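See structure below.
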Number of protein chains: 4
Amino acid sequence: MVEAILEAAARILEDGGLAAFNTNAVAERAGVSVGSLYQYFPGKTALLAELIRRRRSELMDGLQREAASAEQRDLPSVVNGFIRAAIAHQLDRPRLATSLEYAEMMLPIDAETEALKRSIAETVASALALHGVPDPATAARDLSALTRGMVDTAGLFGETDTTSLERRVRRAVYGYLGIGLNA
Amino acid sequence: MVEAILEAAARILEDGGLAAFNTNAVAERAGVSVGSLYQYFPGKTALLAELIRRRRSELMDGLQREAASAEQRDLPSVVNGFIRAAIAHQLDRPRLATSLEYAEMMLPIDAETEALKRSIAETVASALALHGVPDPATAARDLSALTRGMVDTAGLFGETDTTSLERRVRRAVYGYLGIGLNA
Amino acid sequence: MVEAILEAAARILEDGGLAAFNTNAVAERAGVSVGSLYQYFPGKTALLAELIRRRRSELMDGLQREAASAEQRDLPSVVNGFIRAAIAHQLDRPRLATSLEYAEMMLPIDAETEALKRSIAETVASALALHGVPDPATAARDLSALTRGMVDTAGLFGETDTTSLERRVRRAVYGYLGIGLNA
Amino acid sequence: MVEAILEAAARILEDGGLAAFNTNAVAERAGVSVGSLYQYFPGKTALLAELIRRRRSELMDGLQREAASAEQRDLPSVVNGFIRAAIAHQLDRPRLATSLEYAEMMLPIDAETEALKRSIAETVASALALHGVPDPATAARDLSALTRGMVDTAGLFGETDTTSLERRVRRAVYGYLGIGLNA
DNA sequence: TATGAATGAGGATTCATTCAT
DNA sequence: CATGAATGAATCCTCATTCAT
């Protein structure tokens with residue numbers, strides 16, 4: 001049930017964005033009553049928050065998997081992993097991603113999501129630091145922002161070819177980090 | 001009057017995002033009556049559209065100025081100009097920028113803005129094509145997206161130092177284009 | 001079970017009044033399921049009605065005990081008994097009493113409670129008639145109203161000293177009945 | 001408009017009590033839209049509060065008029081005035097009075113009404129103190145409660161004869177104060 | 001033209017009641 | 001019998017838009 005509601009909510013966001021996101025619509029789309037929605041989520045905001053938390057969590061998992069072996073690999077390899085994870089995570093539902101990002105930015109965010117956000121930033125920053133990247137916190141922020149921008153836009157334009165997009169993102173990231181492409 | 005309304009609308013978006021953006025609030029903030037707002041704008045959406053159009057137009061002006069002399073300058077110089085124009089345009093009101101970008105993506109956009117958008121893309125693409133960048137349309141899209149992502153995020157984090165941000169964006173862009181930094 | 005539900009209902013009324021009185025809250029407070037509540041009471045109103053009936057019944061018992069020996073005692077003594085019974089009954093849970101009185105007045109009351117109400121009035125009226133009080137029905141109504149008003153208010157102000165309150169009510173009642181205080 | 005809404009609200013309370021008191025019903029009865037109701041009252045509670053404030057204010061006026069000349073008159077005369085004011089105020093719309101009293105007791109009351117309430121109590125208490133009544137604060141409370149109880153109940157029973165009711169209340173009040181009826 | 005009161009559809013949330021397990 | 005998830009009508013409140021002045 002919780003899954004049905006969350007998936008309905010995701011689809012509403014994909015189709016109509018935050019403007020179309022209302023509890024009645026979500027409930028109807030999920031095939032449940034509004035009452036049931038409120039049985040599982042204290043309110044509209046909580047539903048949105050859970051959607052955000054889940055997406056963040058998925059991304060975190062992908063990045064963490066890459067970060068785990070960061071010590072054993074060289075910087076380009078680690079960074080490639082990050083890029084691949086980010087693309088895999090964000091390319092399929094770009095409109096959903098964009099709506100959640102906007103909501104995340106505007107809404108007063110709960111502590112848990114805030115922590116998750118910070119820990120994502122730190123995961124990336126640590127991996128970069130490990131390989132001697134200067135000002136790793138800023139670099140992590142920049143690279144995330146840059147990647148997110150490119151992938152979201154590519155998604156909105158209907159791109160599905162992961163390989164091409166990955167190559168383009170990599171060029172920008174390598175450039176930012178001062179890694180030669182032949183590296 | 002129109003100016004007062006538009007500035008009020010911008011401030012509302014900055015303060016509370018799209019959720020706080022309603023005609024009554026805008027009119028009050030502008031110090032005019034709702035009636036007057038409707039005298040000058042057929043509706044809420046039109047007001048938002050005008051805001052978008054103006055911002056786009058400003059960016060367009062900045063880019064065009066750089067593109068005008070593209071033939072006489074080398075690629076790094078042209079690209080630097082674009083970056084500087086984008087940063088100048090977007091760094092000061094990042095919350096406004098983000099809201100407008102979200103609105104632009106979600107709303108059914110009028111033909112005029114659509115044309116403006118396309119012409120921005122073409123302006124950049126042409127300049128890139130002029131210097132032999134392969135697939136200039138995609139490159140223009142990627143570089144815009146990348147820059148927008150970085151600048152918005154920097155703005156939201158309170159950065160105001162244009163120089164540092166410019167240097168970082170440049171590294172990514174140069175990387176993407178395969179221009180050596182010493183070039 | 002029935003007792004647990006009724007006590008929970010009473011506590012909810014005490015804490016939050018009629019506004020807070022809903023079946024889910026009562027069931028939860030009683031530690032039973034809503035389903036069980038509906039097993040024993042046909043609905044919310046019936047639960048309230050039972051609460052009213054019980055309180056009325058308790059008061060009736062107290063008054064009847066006094067009325068039973070009315071013939072053998074003089075008017076002041078009988079009246080003292082009534083006052084003491086009313087105070088004992090109403091001083092401990094004034095917020096509950098007030099809510100039930102309000103509900104009783106507003107709700108379409110069932111026949112049984114109506115009969116109980118009438119029989120309380122008649123019990124007092126008869127005792128008064130027995131001692132030559134003129135227009136005993138009106139007097140019974142007036143004295144009940146007067147006592148209820150004073151006791152409820154005293155309760156809401158946190159009074160717990162029965163003796164002082166009793167003395168004050170007695171003065172009013174004696175005055176109403178034209179009984180000298182030294183009688 | 002404000003008057004129309006308040007009168008509609010009063011009628012709804014009279015007809016159906018607090019349970020029937022909802023913004024849609026009030027607006028419809030007043031012949032205005034819900035929107036208009038919210039133009040003049042920030043919410044349902046504020047509407048109720050205004051109703052309470054007005055009733056309190058009216059009572060206050062009546063009592064104050066009597067209290068003004070308290071020094072020049074003897075106690076029975078002053079008290080008669082209070083009783084007459086209370087009856088005039090409360091006998092005509094007993095169901096409204098009862099609902100407002102219940103609401104006043106249960107709702108978190110705003111500072112202004114609280115002050116009004118206190119000042120009513122003090123007005124009566126001062127007048128009593130002036131004539132040597134011991135513990136005037138408690139006496140004021142008791143007499144108000146007693147009178148309110150009797151008048152409300154009389155009203156609910158359809159009494160309209162002010163003279164008879166006044167005589168009965170006077171007996172109780174005089175008795176409470178230890179004033180001989182022949183005084 | 002400017003005003004802002006009035007409108008009412010839309011959307012968030014609650015809660016009495018039912019019913020499958 | 002007991003449970004409590006599910007339902008959806010009812011209710012509060014907001015806000016885009018209109019229109020009389």
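What you are looking at is a predicted structure, and each value in this text was computed from that prediction instead of being measured. In the text below, chain A, chain B and the rest are named by the order of the sequence lines, each starting its count at 1.
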Q | Base-pair map of DNA chain F as dot-bracket, where | denotes pairing with a different strand and pairs are Watson-Crick or G-U under 3.5 Å | A | .||||||||||||||||||||
For residues 32-43 of chain D, which side-chain donor-acceptor pairs fall under 3.5 Å, sequence neighbours excluded?
| unit_1 | atom_1 | unit_2 | atom_2 | d |
| --- | --- | --- | --- | --- |
| D:S33 | OG | D:S36 | N | 3.3 |
| D:S33 | OG | D:S36 | OG | 3.3 |

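Put simply, D:S36 has a side-chain N or O that comes within less than 4.0 Å of OP1 or OP2 on E:dT7. Within the structure, a side-chain polar atom (N or O) of C:S33 is placed less than 4.0 Å from OP1 or OP2 of F:dT3. The phosphate of E:dA2 (OP1 or OP2) has a side-chain N or O of B:Y40 nearer than 4.0 angstrom.
With sequence neighbours excluded, no residue forms a salt bridge (Lys or Arg N to Asp or Glu O under 4.0 Å) with D:D92. With sequence neighbours excluded, the residues that form a salt bridge (Lys or Arg N to Asp or Glu O under 4.0 Å) with B:D110 are B:R53. Under the ring pair (Phe, Tyr, Trp, His ring centres under 6.0 Å) criterion, D:Y102 pairs with C:Y102, sequence neighbours left out.
A salt bridge does not link A:E112 with A:R56: every distance from a Lys NZ or Arg NE/NH1/NH2 to an Asp or Glu carboxylate oxygen is 4.0 Å or more. Classification of C:R54 and C:E50 as a salt-bridged pair holds, one side-chain N sitting under 4.0 Å from a carboxylate O.
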**Q.** Sequence-aligned protein contact record of nucleotides 15-21 of chain E, with B where the base is within under 4.0 Å of a protein heavy atom and S where only the sugar-phosphate is
**A.** SBBB---
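For the pair A:L37 CG and E:dG11 P, the computed distance is 15 Å after rounding to whole Å. Straight-line distance from the CD atom of D:Q39 to the P atom of E:dT3: 16 Å, rounded to whole Å.
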